[in-house]
Chemist: 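Can you keep this structure in mind? I'll have questions shortly.
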Number of protein chains: 4
Amino acid sequence: MSRTDKKQALLDTALALFVSQGFYATSTASIAKQAGVATGTLFHHFSSKDELMQQLFLSIKQEFADAITSQINQQSDLKADTQHLWQVAINWALSNPLKQEFFQQYSMSPSIPSEIRQQAMNSILSFMGELILRGKKTGELADYPPSLMQESCHGQYLAATRYFLDNPNKWQDEIYKQASFSMFWNAMKA
Amino acid sequence: MSRTDKKQALLDTALALFVSQGFYATSTASIAKQAGVATGTLFHHFSSKDELMQQLFLSIKQEFADAITSQINQQSDLKADTQHLWQVAINWALSNPLKQEFFQQYSMSPSIPSEIRQQAMNSILSFMGELILRGKKTGELADYPPSLMQESCHGQYLAATRYFLDNPNKWQDEIYKQASFSMFWNAMKA
Amino acid sequence: MSRTDKKQALLDTALALFVSQGFYATSTASIAKQAGVATGTLFHHFSSKDELMQQLFLSIKQEFADAITSQINQQSDLKADTQHLWQVAINWALSNPLKQEFFQQYSMSPSIPSEIRQQAMNSILSFMGELILRGKKTGELADYPPSLMQESCHGQYLAATRYFLDNPNKWQDEIYKQASFSMFWNAMKA
Amino acid sequence: MSRTDKKQALLDTALALFVSQGFYATSTASIAKQAGVATGTLFHHFSSKDELMQQLFLSIKQEFADAITSQINQQSDLKADTQHLWQVAINWALSNPLKQEFFQQYSMSPSIPSEIRQQAMNSILSFMGELILRGKKTGELADYPPSLMQESCHGQYLAATRYFLDNPNKWQDEIYKQASFSMFWNAMKA
DNA sequence: CATGAATGAGTGTTCATTCAT
DNA sequence: TATGAATGAACACTCATTCAT
């Protein structure tokens with residue numbers, strides 16, 4: 001196992017254990033053991049348990065951002081573009097349930113410094129931010145205060161992924177898929 | 001200090017410390033000390049730290065439910081009733097910022113058994129549930145799957161309170177107040 | 001329940017719990033609760049947990065001594081008298097299994113001050129001591145050092161009660177009953 | 001200090017403290033401190049205080065068994081062999097007073113699971129068991145029930161070691177040494 | 001870099017004992 | 001006397017972190 005492999009194994013194991021048991025209930029020893037390395041090795045790659053958590057948080061955020069970016073191509077009308085983004089984002093969540101659950105659990109938790117959380121949130125919301133701006137200019141979207149709109153969008157996204165994560169087969173049901181987007185879109189519509 | 005006072009002092013102190021430092025970073029000793037009682041006293045009232053957490057969670061949930069119930073009088077048209085409920089709920093959150101923050105932090109956290117969380121969530125959502133049903137019957141609200149609608153409502157409520165908690169003076173601004181309700185209402189509107 | 005009743009209830013309960021769970025694993029609160037009195041009441045009757053233990057130890061010792069004394073009537077020859085004493089003592093142990101087990105467990109334990117234990121042991125052995133003296137004078141018993149003989153007697157008595165306590169029905173079997181006494185007697189015989 | 005040294009130091013210290021203060025009155029912290037290691041180290045070698053106790057019990061039992069086995073050579077007549085065994089066993093007890101006292105104190109105590117105690121007792125008694133069988137075949141020993149005889153042997157052994165431990169110089173006195181064996185042998189003799 | 005035994009401060013929890021009622 | 005809530009010192013045990021190998 002190469003160096004990078006070991007670091008990645010530690011991140012993967014930490015993700016699984018943090019989600020299933022929580023940050024504080026997961027000992028560094030158990031992470032190392034399940035990752036197949038010695039206890040001390042964890043501290044060669046991460047200066048502390050907190051840093052492991054932060055790197056994990058940021059790496060997942062990055063992965064999400066990369067996944068979304070790679071699939072976006074804004075060319076149709078605003079609503080179609082938004083719907084595409086919505087589906088791509090929820091697809092990612094359903095394809096990466098552990099990582100999505102990690103976000104749900106730790107986005108509000110004091111286990112992660114608020115600056116790091118803020119940074120991650122902004123990154124997620126930046127996609128929406130641009131669309132909202134575009135929609136306001138064309139008059140398709142309502143002229144609500146932007147920061148409030150962003151928070152609302154984020155809330156809807158979290159709610160939808162929570163729902164479809166708990167009921168994965170419902171995402172195949174066009175009724176549910178459409179409904180979730182309709183609520184999201186209508187909330188912002190002019 | 002009477003018996004009830006001590007128990008209540010422990011709950012109050014636990015609320016403050018859990019919110020500001022997190023559940024795991026708060027020692028039972030520090031709760032007791034700050035509440036002005038001996039360490040053992042905490043365990044006289046709560047069999048464990050976990051049980052303290054659960055009782056705290058349930059007591060806050062109950063307080064919220066009572067506050068809402070006492071101010072509800074459904075008599076006008078659906079939209080007016082809904083707006084009233086929306087404002088009452090957000091008012092409560094802003095009047096009880098610690099308790100609201102507690103919900104934000106722990107509604108998804110493994111520090112609280114999921115059954116307890118579920119129970120609390122249902123209680124909160126039951127108010128909305130009735131209004132949604134009413135709206136569907138009259139045709140004022142869209143016919144989306146009820147469970148999905150509830151999750152979406154909850155998400156919007158959390159997002160709005162998060163926003164106004166971070167920017168308390170904005171709730172006095174009618175523009176923001178209106179906008180937050182409009183997004184909530186339009187999402188569900190037929 | 002009268003005062004004496006409560007004190008006796010505490011002693012009875014303590015006996016049962018000390019035997020089944022051990023001295024340290026039994027909390028004063030559990031003794032009080034199971035005896036049907038308040039925690040504080042225990043400390044009205046016994047100044048400390050240790051004193052409760054000592055009073056219990058001495059009261060059982062006394063009960064044993066009284067039971068033996070009341071049934072002894074030395075009139076026949078030495079062997080017959082000894083056999084009678086042997087049977088009376090073992091009968092008592094089998095009729096009071098909890099108390100006998102208590103002795104087995106605590107005769108050697110540091111939970112009881114050694115002076116108290118010594119005092120109790122002497123009381124038990126005094127019966128034997130007289131018989132041994134008598135036997136030596138008549139030449140029926142061997143002329144071993146008295147203190148060593150006493151210790152040996154005591155060891156045999158503990159072994160026999162241990163055995164018959166674990167196999168109560170064997171005491172009805174004359175073969176076993178006889179064998180146990182034969183070993184005891186032959187060990188001392190001239 | 002090597003790894004094995006630390007574990008052994010902990011066992012040695014635990015033995016000394018358990019004997020002098022009792023199991024419950026001895027804190028794990030005090031064992032570690034007196035053994036010259038950190039508190040955590042104790043739990044690195046033993047998963048709990050109870051396990052330390054069990055390992056201690058079994059290691060002493062093993063040491064006793066090894067000591068006896070190494071010195072046994074059955075070649076003479078039964079009585080001579082038995083006397084040799086008796087002396088070897090008591091010699092061991094007197095050479096290892098702490099370990100013998102440990103047995104006296106904990107053989108009956110609930111601090112040690114009864115299965116472990118049983119296992120240890122059987123190991124000790126197995127030596128005797130064989131001799132008893134041999135004696136019954138040759139008719140030199142009485143035909144008492146074997147289990148009762150074993151218990152009686154054990155009781156005598158405990159009594160004798162107790163006596164000579166309390167009065168060590170008496171073991172040098174041939175009168176006492178002979179008397180102790182005579183009582184043991186005559187009890188079983190046909 | 002990797003290891004894992006060692007560390008020791010810190011944790012949740014217990015429980016004999018006290019004392020105001 | 002009797003009560004039982006309150007006390008706080010003491011405990012077994014955990015775990016992030018270090019460091020000699």
Side-chain angles (χ1 to χ4, degrees), chain A residues 1-4 6-7 23-33 36-53, chain B residues 1-7 10 23-33 36-52, chain C residues 1-3 6-7 23-33 36-53, chain D residues 1-7 10 24-33 36-52:
Chain A
M1 189 153 50
S2 83
R3 176 170 4 147
T4 315
K6 291 200 173 178
K7 184 166 184 177
F23 177 71
Y24 282 98
T26 302
S27 68
T28 52
S30 73
I31 298 171
K33 188 176 184 180
V37 303
T39 30
T41 306
L42 189 153
F43 291 90
H44 275 291
H45 293 288
F46 309 95
S47 68
S48 71
K49 191 186 182 185
D50 280 338
E51 219 214 46
L52 164 58
M53 177 52 130
Chain B
M1 189 153 48
S2 83
R3 171 164 12 141
T4 314
D5 285 346
K6 292 204 172 177
K7 185 166 184 180
L10 283 165
F23 179 72
Y24 283 100
T26 303
S27 69
T28 52
S30 72
I31 298 171
K33 189 174 186 179
V37 304
T39 26
T41 305
L42 189 155
F43 291 92
H44 194 73
H45 292 288
F46 309 95
S47 66
S48 68
K49 192 185 180 185
D50 280 338
E51 220 213 48
L52 165 58
Chain C
M1 189 154 48
S2 82
R3 174 172 4 146
K6 292 202 172 177
K7 184 167 183 179
F23 178 72
Y24 283 98
T26 303
S27 69
T28 52
S30 72
I31 297 171
K33 188 175 185 181
V37 305
T39 33
T41 305
L42 189 153
F43 290 90
H44 275 290
H45 293 287
F46 309 95
S47 67
S48 70
K49 191 186 182 186
D50 280 338
E51 219 214 46
L52 164 58
M53 177 52 129
Chain D
M1 190 151 48
S2 83
R3 171 166 10 145
T4 314
D5 283 347
K6 291 203 173 178
K7 184 166 184 179
L10 284 164
Y24 284 100
T26 302
S27 70
T28 52
S30 72
I31 298 172
K33 190 174 184 180
V37 304
T39 22
T41 305
L42 190 156
F43 292 92
H44 194 73
H45 292 288
F46 309 95
S47 66
S48 69
K49 191 186 181 185
D50 280 338
E51 219 214 48
L52 164 59

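Letters A, B, ... mirror the listed sequences (proteins, then strands); counts begin at 1.
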Chemist: Can you list everything that forms a side chain to side chain contact (heavy atoms under 4.5 Å, CB included) with Ala29(A)? Sequence neighbours excluded, please.
Modeler: Ser27(A), Thr39(A)
Chemist: Is there a side-chain contact between Lys7(C) and the phosphate of dA2(F), meaning an N or O under 4.0 Å from OP1 or OP2?
Modeler: no
Chemist: Check Ala38(C) against Ala32(C) and note the closest heavy-atom contact, atom names and distance.
Modeler: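 Scanning both residues completely, I find the closest heavy atoms to be O-CB, 3.7 Å.
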Chemist: Give DNA chain E the dot-bracket treatment, 5' to 3': Watson-Crick (N1-N3 with N6-O4 or O6-N4) or G-U (N1-O2, O6-N3) under 3.5 Å, [ ] crossing, | other strand.
Modeler: .||||||||||||||||||||
Chemist: So do the side chains of Glu51(B) and Ser48(B) get within less than 4.5 Å of each other, counting heavy atoms only?
Modeler: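 A side-chain contact under 4.5 Å exists here.
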Chemist: Write down the distance between CD1 (Ile31(C)) and C1' (dG4(F)), rounded to a whole number of angstrom.
Modeler: 16 Å
Chemist: For every nucleotide of nucleotides 15-21 of chain E, 5' to 3': is a protein heavy atom under 4.0 Å from its base (B), only from its sugar-phosphate (S), or from neither (-)?
Modeler: -BBB---
Chemist: Would you compute the distance between atom CZ of Phe46(C) and atom CG of Leu52(C) and round it to the nearest 0.5 angstrom?
Modeler: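 Taking CZ in Phe46(C) and CG in Leu52(C), the distance rounds to 5.0 Å.
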Chemist: What is the distance, to the nearest angstrom, from the CG atom on Leu10(D) to the P atom on dA5(E)?
Modeler: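 Rounded to whole Å, this separation is 14 Å.
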Chemist: Please report the distance, rounded to the nearest Å, between NZ in Lys33(B) and P in dG10(E).
Modeler: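 Whole-Å distance recorded here is 13 Å.
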Chemist: Without decimals, in angstroms, what is the distance between Lys6(D) NZ and dG4(E) C1'?
Modeler: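 Whole-Å distance recorded here is 13 Å.
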Chemist: Without decimals, in angstroms, what is the distance between Asp5(B) CG and dA5(F) P?
Modeler: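 Taking atom P of dA5(F) as the reference, CG of Asp5(B) is at 15 Å.
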Chemist: For Thr26(B), check side-chain hydrogen bond (donor to acceptor under 3.5 Å, both in side chains) against everything at least two apart and list the hits.
Modeler: Gln21(B)
Chemist: Given side chains that start at C-beta, do those of Phe23(B) and Asp50(B) come closer than 4.5 Å, heavy atoms only?
Modeler: yes
Chemist: Quick one: Leu42(B) CG to dG8(F) P, roughly how many Å, whole number?
Modeler: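 It is 14 Å, rounded to the nearest whole Å.
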Chemist: Using side chain to side chain contact (heavy atoms under 4.5 Å, CB included) as the criterion, list what pairs up with Thr28(B), not counting sequence neighbours.
Modeler: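 Partners of Thr28(B) under the side chain to side chain contact (heavy atoms under 4.5 Å, CB included) test: Leu42(B), Phe43(B), Lys49(B).
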